[in-house]
Amino acid sequence: MKNINHLLKKYDVPGPRYTSYPTVPAWVGDVGAADYSTSLKSILSGDKLSLYFHLPFCENLCHFCGCMQVITKDHSRSAEYVQKLIHEINLIAAQIPQKPRLVSQIHFGGGTPNFIKPAELTLIMQVIRQHFDVLPDAEIAIEMHPRTSTREFCENLATLGFNRISLGLQDLDPKVQKLINRNQTYEMTRDMVESLRLLGFNSFNFDLVYGLPGQSYEGWMDTLGKVLKMKPNRMAIYSYAHVPWVRPVQRTFEDSDLPTPEMKINFFETALQFFSSNGYQLIGMDHFALHDDELAIALKEGTIHRNFMGYSTRSDAHQIGMGVSAISYVGGNYFQNAKDLKSYYPKIDQDTLATHRGYILNADDALRRDLITQIMCRGYVDIKAFEQKWKIKFKDYFPEALLNLANFQEDNLLKLDANEFKVIDEGSLFLRNMAMVFDAHLEGIRAKAKNPTFSRTI
Ligand code: SF4
């Protein structure tokens, strides 16, 4: 690693993760159901759709959690939620007059999606198939927690056509798990993966997190070794986002329990070397895929995409999120549903779309979104092709940004000339920082914020 202290001093700053552009703090409350309805109606027959369903219930609260969840051990609560979700699917479908409504990706996220009953999931899938044409090669994925999983639920997934399973592992070190209140042993995870393989599932994604309280080099290496034994097809290795001002539960551990930024970089570098030498390809900033996985192939062919569900091979124009707090990107604009059940349920009961805020992109936003997506997905931009596509001169459109990029060039993290923007060496650790250079909203967000808005980039 190059002079690590020098790089951390320069680049370890609060910044967005760029799962959207403009980022969520720039979105506004006066974008509502009427705007969303207009965007849904603009969907053309034959446009490919990605559907996301948020199932928020979890039995226990993990103390590092940054997701929208509802903590309860009362499984009967899912009945009302599923009823509202089905109502929302009906409402959304009614807003899309064109047919066929082709679906190439379905993702159930949470929360803990396997909190609901098998029969409830069956019902949701039936309603989806009533309204949408799910393509034969569609990716149908679900996030699961081994602790809540049952054999009946897994068998039902196979019957319903699910073909990708995503498991959160975070870190298998018992000391870390105790601090984050997540009791999930290696054996429990391994047994679940083995039984799913016996049911015919052969595509697994694991989520790991570095920067968690109590993490040590030895414990992390042990986790990486155990993960390799289970051989997932894909992994996401996220940097823990410490935002206790937004997630007060993160105050349950001491700041002194957290690894230093130097340790965090070391954890990621270790994982990068370990998985690169064991058959995995780094995808974007923090994802990995086996070399024969379609995600790694899409990266090589330059056809990789990024949406709220992570990196994807699907170039869908529209992502429709359903359920509490779900985010949609439809017709080139963003929309987010009501963020808690108290506001989500009444909207659905009134037969209205549950939109709570959003963002209508202008031409400059769309151009920058494309550029930032290319940086975050591939660390590479063909500048001539970009100029042609958007009918601009790169150096005239981004004079200030180009000056700011000189920093990354000096640190040998970026190669930049009139033809290409190419992230090199450890530059992939700083993709967020490079994307920030092109973010026209960042200064405004910082100026308006009363509290810190973003987690640190490292
Ligand atoms: S299971 Fe996932 S969503 Fe639920 S509390 Fe834990 S990290 Fe958050």
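Both ligands and their constituent atoms are indexed starting at 1 by order of listing.
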Please step through salt bridge (Lys or Arg N to Asp or Glu O under 4.0 Å) for the pair D12 and R456, ending with a clear verdict.
CA-CA 6 Å; D12 185 20; R456 299 186 82 81; 3.5 Å; yes
Within the stated cut-off of 2.8 Å, is an N/O/S atom of C58 closer than that to atom 8 (Fe) of ligand 1?
no
Between R446 and E443, is the closest basic N to carboxylate O distance under 4.0 Å?
yes
Tested for side chain to side chain contact (heavy atoms under 4.5 Å, CB included) against I106, the lone hit among I142, N163, I140, L49 is I140
Quick test: of every protein heavy atom, which one is nearest to atom 5 (S) of ligand 1, and how far off is it to 0.1 Å?
C62 N, 3.4 Å
Give the numbers and elements of all ligand 1 atoms closer than 4.0 Å to a heavy atom of F64.
7 (S)
Identity and distance of the protein heavy atom lying nearest atom 3 (S) of ligand 1
G111 N, 3.4 Å
Heavy atom of Q170 under 4.0 Å from ligand 1?
no
Short list, please: which atoms of ligand 1 are under 4.0 Å from a heavy atom of N60?
5 (S)
With Y334 as reference, evaluate Y36, Y21, Y329 under the ring-ring contact (aromatic ring centres under 6.0 Å, His included) test and give the passing residue.
Y329
Identity and distance of the protein heavy atom lying nearest atom 1 (S) of ligand 1
R182 NH1, 3.6 Å
Write out the residue and atom name of the closest protein heavy atom to atom 8 (Fe) of ligand 1, then the distance separating them to 0.1 Å.
C65 SG, 2.4 Å
Using heavy atoms and a 4.0 Å limit, tell me yes or no: is G168 in contact with ligand 1?
no
What I want to find out is whether E88 reaches K84 closely enough, with some N-O distance under 4.0 Å, to be called a salt bridge.
no
Pick out which of D173, L208, L212 makes a side chain to side chain contact (heavy atoms under 4.5 Å, CB included) with W220.
L208
Which of the atoms in ligand 1, numbered in the order shown and given with their element, are less than 4.0 Å from a heavy-atom of T112?
1 (S)
Is NZ or CZ of R378 both nearer than 6.0 Å to the six-membered ring centre of Y380 and within 45° of the ring axis?
no
